[in-house]
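A short worksheet on the structure shown next.
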Amino acid sequence: MKITISEILKHPDIGKDVEINGWVRTKRGNRNITFIALNDGSTIHNIQVVLDMAEFEEEMVRNVTTGSCIKVNGILSSSPGKEQQVELHANKIHIYGTADPDSYPLQKKGHSLEFLREIAHLRPRTNTFGAVLRIRHAMSYAIHKYFNDHGFYYLHTPIITASDCEGAGEMFRVTTLDPKNPPLLEDGSVNFNEDFFGRETSLTVSGQLEGELAALALSNIYTFGPTFRAENSNTPRHLAEFWMIEPEMAFYDIHDNMDLAEDFLGYLIRYAMDHCGEDLRFLCNMYDKELMDRLNFTINSKYERITYSQAVDILTQSGEKFEYPVSWGVDLQTEHERFLVERHYKKPVMVTNYPRDIKAFYMKQNDDGKTVRGLDVLFPKIGEIIGGSQREEDYHKLCQRITELSLPEKDLWWYLETRRFGTAPHSGFGLGFERLLLFITGMGNIRDVIPFPRFPKNANF
RNA sequence: UCCUCAGUAGCUCAGUUGGUUAGAGCAUCUGGCUGUUAACCAGAGGGUCCAAGGUUCGAGUCCUUGCUGAGGAGCCA
């Protein structure tokens, strides 16, 4: 195995002959000595490579510029400099690839995140995106580890779906028909019988319905995959293509659901602090001075659990002037959620028992005939990080709701059969992966926590 | 999609009530410097002032439209 800069800095073996590969961040020095800061992405830290210019051709060293990629052989030595403990005294350098200083867009100095979005193909080479991408990896791993350790099975739900009743937003259509000349029916509409799947299909907006099928067989499952929403959303919290984690558990009621959500989020934040300390400290210093405090505070807080009705009472009695007035029956607006989380409770809040008219058909109806067992988990700074519910397991109540909302019951026959055959109480929720990363990294825009963001008018790279 | 703000050098930005040849820092190039730390010192090159119209003797600056970006809102994870 090749040795990485991360490993060398972690276990420096002074006097050892090593070979490292990486991209040049900066070069400085004079006629006698040159210093190269080299980074291979294995850690936020660079290793300092020292060149005694008497041993190297000036022309070769001239081509080692910011952005170029090199291989260095040399002796690991303790460094007399203040900024690092070890450095590499080079005796051989090979240039894999030069980077023309006139056209290479990344400089030694900081760039705006907006500019880096325009060069998303190169931004992984920056400290910021190196840190974000390493944290993103660690969080992916932690999610699988958490569920595996808790007896959940990873379920792969379809990405292409013919179900347009998932109710989570506008969908991207998937087709192989000729856009200029599609087959038509007599009434002039497109004949999707001739399409690839023989019917109209789209990219999934949620794996939940299929997740429920598996939970009612394996008891505890989760999905973790790409999700697509064709909403024209232009905000720092929305993407057209994002990754979602959706656990679904048989025999869990809404309280079990909340227990899991709180334990799961706490585990992930703790995992990041335990395993991504250096990257988090960098992001804290550069972008968000309160990041560490907020993460610490969150894992040490018990989440507040309130009902929608309680939330409405708190908001109406707060004396606060809201742009959107609060009354029982209307959905909570962002300003209301922020008030609850950031000003009233000052910690994460879980809201349940929403009016049934503002929530999806599959949520379990309460006995009061007015509310359903939906669940939103609200976080400081980013708002809704989780949406979920206990599901309606009663066949007749579910059918009744589908009829009331005029949903196409015939397209849901497979979903309804789980309620006809051995139905069971069950619950689940969806966690937006990039929303989690926003919270954990302290980044302000969701387009900066995914390598290649997709949003309205942009599918570059 | 709506509201607000912005767009000037490769990057980050300044540019006065509309007035001569549009500036700075960094980056780049050249030279200097015996261990630097986003090195430092000196010099040089570098501009479709987002685009198209308009007002004016005169527009980077004012007006209209469009494009792009950011923040807020809606939708939601």
Side-chain angles (χ1 to χ4, degrees), chain A residues 25-37 45-54 62 65-67 77 79-84 87 89 99-119 126-127 166-170 205-208 224 226-246 261 286 322-324 331-338 358-360 375-379 382-388 429-439 444-450 455-458:
Chain A
R25 286 292 171 80
T26 69
K27 186 181 71 171
R28 51 185 173 262
N30 53 47
R31 194 184 288 154
N32 304 295
I33 190 164
T34 291
F35 301 93
I36 298 167
H45 299 297
N46 305 325
I47 192 165
Q48 172 158 279
V49 177
V50 185
L51 277 63
D52 180 350
M53 289 305 286
R62 188 186 296 269
T65 57
T66 298
S77 314
S79 175
K82 291 191 186 106
E83 308 282 316
Q84 63 278 319
E87 60 189 22
H89 287 201
D100 177 15
D102 278 331
S103 45
Y104 185 63
L106 290 172
Q107 301 166 10
K108 301 179 189 181
K109 283 239 168 186
H111 296 86
S112 68
L113 294 169
E114 291 83 2
F115 174 68
L116 293 175
R117 254 169 245 154
E118 294 169 10
I119 52 165
T126 63
N127 286 332
E166 287 165 351
E170 293 296 311
V205 294
S206 166
Q208 180 198 319
F224 185 2
T227 309
F228 307 88
R229 305 267 167 98
E231 301 287 347
N232 190 12
S233 293
N234 290 286
T235 85
R237 294 181 305 282
H238 290 86
L239 291 166
E241 176 183 283
F242 63 101
W243 289 66
M244 188 154 66
I245 300 103
E246 295 180 286
M286 296 299 287
F322 294 111
E323 189 186 340
Y324 294 86
D331 209 353
L332 299 180
Q333 303 293 316
T334 299
E335 57 173 342
H336 306 140
E337 295 176 346
R338 292 191 69 149
I358 59 173
K359 288 293 182 183
L375 161 68
D376 280 359
V377 181
L378 309 176
F379 258 37
I382 56 169
E384 185 180 341
I385 193 170
I386 277 179
F429 59 79
L431 168 68
F433 186 49
E434 284 78 16
R435 293 242 175 118
L436 172 77
L437 287 172
L438 272 185
F439 184 75
N445 192 315
I446 203 164
R447 297 170 188 181
D448 296 329
V449 295
I450 189 167
F455 50 91
K457 301 275 184 285
N458 188 297

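The chains referred to below are lettered A, B, ... by the order of the sequence lines, with proteins before strands, and numbering in each begins at 1. These values consider heavy atoms only, across backbone and side chains, with no hydrogens, waters or symmetry-generated copies.
- Across all strands shown, B:rU56 remains unpaired; no Watson-Crick or G-U wobble contact has both distances below 3.5 Å.
- The side chain of A:Arg435 has B:rA77 as its nearest neighbour among B:rG35, B:rU36, B:rA77.
- Contact annotation for A:Leu106: no contact, since no heavy-atom pair falls under 4.0 Å across all strands.
- Remark: B:rA42 base-pairs with B:rU30; criterion is Watson-Crick or G-U wobble with both hydrogen-bond distances under 3.5 Å.
- The gap from the P atom of B:rA39 to that of B:rU1 amounts to 44 Å, rounded to the nearest Å.
- Between A:Phe433 and B:rA77, no base-stacking contact is recorded for ring centres under 5.5 Å apart and planes less than 30° from parallel.
- Rounded to an integer number of Å, the gap from CG of A:Asp376 to C1' of B:rC75 is 13 Å.
- Atom NE2 of A:His336 and atom P of B:rG74 are 9 Å apart (whole Å).
- Judged by distance alone with a 3.5 Å cut-off, a donor-acceptor contact links the side chain of A:Gln84 to the base of B:rU36.
- Between B:rA9 and B:rG45, the two C1' atoms lie 11 Å apart (nearest whole Å).
- Remark: the A:Ser233 side chain and the B:rC75 base include a donor-acceptor N/O pair separated by less than 3.5 Å.
- Nucleic acid contact for A:Ile245: none, since no nucleic acid atom lies under 4.0 Å from a heavy atom of the residue.
- Side chain of A:Gln333, nearest nucleotide from B:rG74, B:rG35, B:rA27: B:rG74.
- In terms of the side-chain hydrogen bond (donor to acceptor under 3.5 Å, both in side chains) criterion, residue partners of A:Gln84 (sequence neighbours excluded) are, by chain and number, A:Ser79.
- Comparing the P positions of B:rG54 and B:rG7 gives an interatomic distance of 23 Å, to the nearest angstrom.
- Taking the nucleotide of RNA chain B with the nearest heavy atom to each of A:Asn232 and A:Gln48, the more 5' of the two is matched to A:Asn232.
- With sequence neighbours excluded, the residues forming a ring pair (Phe, Tyr, Trp, His ring centres under 6.0 Å) with A:Phe379 are A:Tyr303, A:Phe439, listed by chain and number.
- With hydrogens and angles ignored, no donor-acceptor pair under 3.5 angstrom links the side chain of A:Glu231 to the base of B:rG74.
- Side-chain N/O atoms of A:Ser206 and A:Glu246 include a donor and acceptor closer than 3.5 Å.
- Between the base of B:rC11 and the side chain of A:His111 there is no donor-acceptor pair shorter than 3.5 Å.
- Cation-pi geometry between A:Arg447 and A:Phe455 is satisfied (NZ or CZ under 6.0 Å from the ring centre, within 45° of the ring normal).
- B:rG71 is paired with B:rC3 under the criterion used here, namely a Watson-Crick or G-U wobble arrangement in which both key atom distances are under 3.5 Å.
- Between A:Gln107 and A:Ser79, the residue whose closest nucleotide on RNA chain B is further toward the 5' end is A:Gln107.
- Not counting sequence neighbours, the partners of A:Thr235 by the side-chain hydrogen bond (donor to acceptor under 3.5 Å, both in side chains) test are A:His238.
- A:Phe228 CZ to A:Phe242 CZ: the interatomic distance, rounded to the nearest 0.5 Å, is 9.5 Å.
- When both pairing distances are held under 3.5 Å, B:rC76 makes no Watson-Crick or G-U pair with any nucleotide shown.
- Residues that satisfy the side-chain contact (heavy atoms from CB on, under 4.5 Å) test with A:Tyr324, not counting sequence neighbours, are A:Gln333, A:Glu335, A:His336.
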Taking N or O atoms only and anything under 3.5 Å, show me the protein contacts with nucleotides 28-34 of chain B, one pair per line.
residue	atom	partner	partner atom	Å
B:rU28	O2'	A:Asp102	OD1	2.5
B:rU30	OP1	A:Arg62	NH1	3.4
B:rG32	OP1	A:Arg31	NH2	3.2
B:rC33	OP2	A:Arg31	NH2	3.1
B:rU34	O4'	A:Asn32	ND2	3.0

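- Residue-level contact check: A:Gly430 touches the backbone only, with heavy atoms under 4.0 Å from sugar-phosphate atoms and none from bases.
- In this view, A:Thr65 satisfies the side-chain hydrogen bond (donor to acceptor under 3.5 Å, both in side chains) rule with no residue, not counting sequence neighbours.
- Two residues are said to be in side-chain contact when any heavy atoms from C-beta on lie closer than 4.5 Å; A:Ile36 and A:Gln48 fail this criterion.
- Distance, A:Leu116 CG to B:rU12 P: 9 Å, rounded to whole Å.
- With sequence neighbours excluded, the residues satisfying side-chain hydrogen bond (donor to acceptor under 3.5 Å, both in side chains) with A:His45 are A:Glu278.
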N/O contacts under 3.5 Å, protein versus nucleotides 69-72 of chain B?
residue	atom	partner	partner atom	Å
B:rA70	OP1	A:Arg117	NH1	2.5
B:rA70	OP2	A:Arg447	NH1	3.2
B:rG71	OP2	A:Asn445	ND2	3.4

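- Remark: the separation of the P atoms in B:rC3 and B:rU21 is 40 Å, to the nearest Å.
- Under the Watson-Crick or G-U wobble criterion, with both distances below 3.5 Å, B:rU48 has no partner in any strand shown.
- Under the side-chain contact (heavy atoms from CB on, under 4.5 Å) criterion, A:Pro236 pairs with A:Asn445, sequence neighbours left out.
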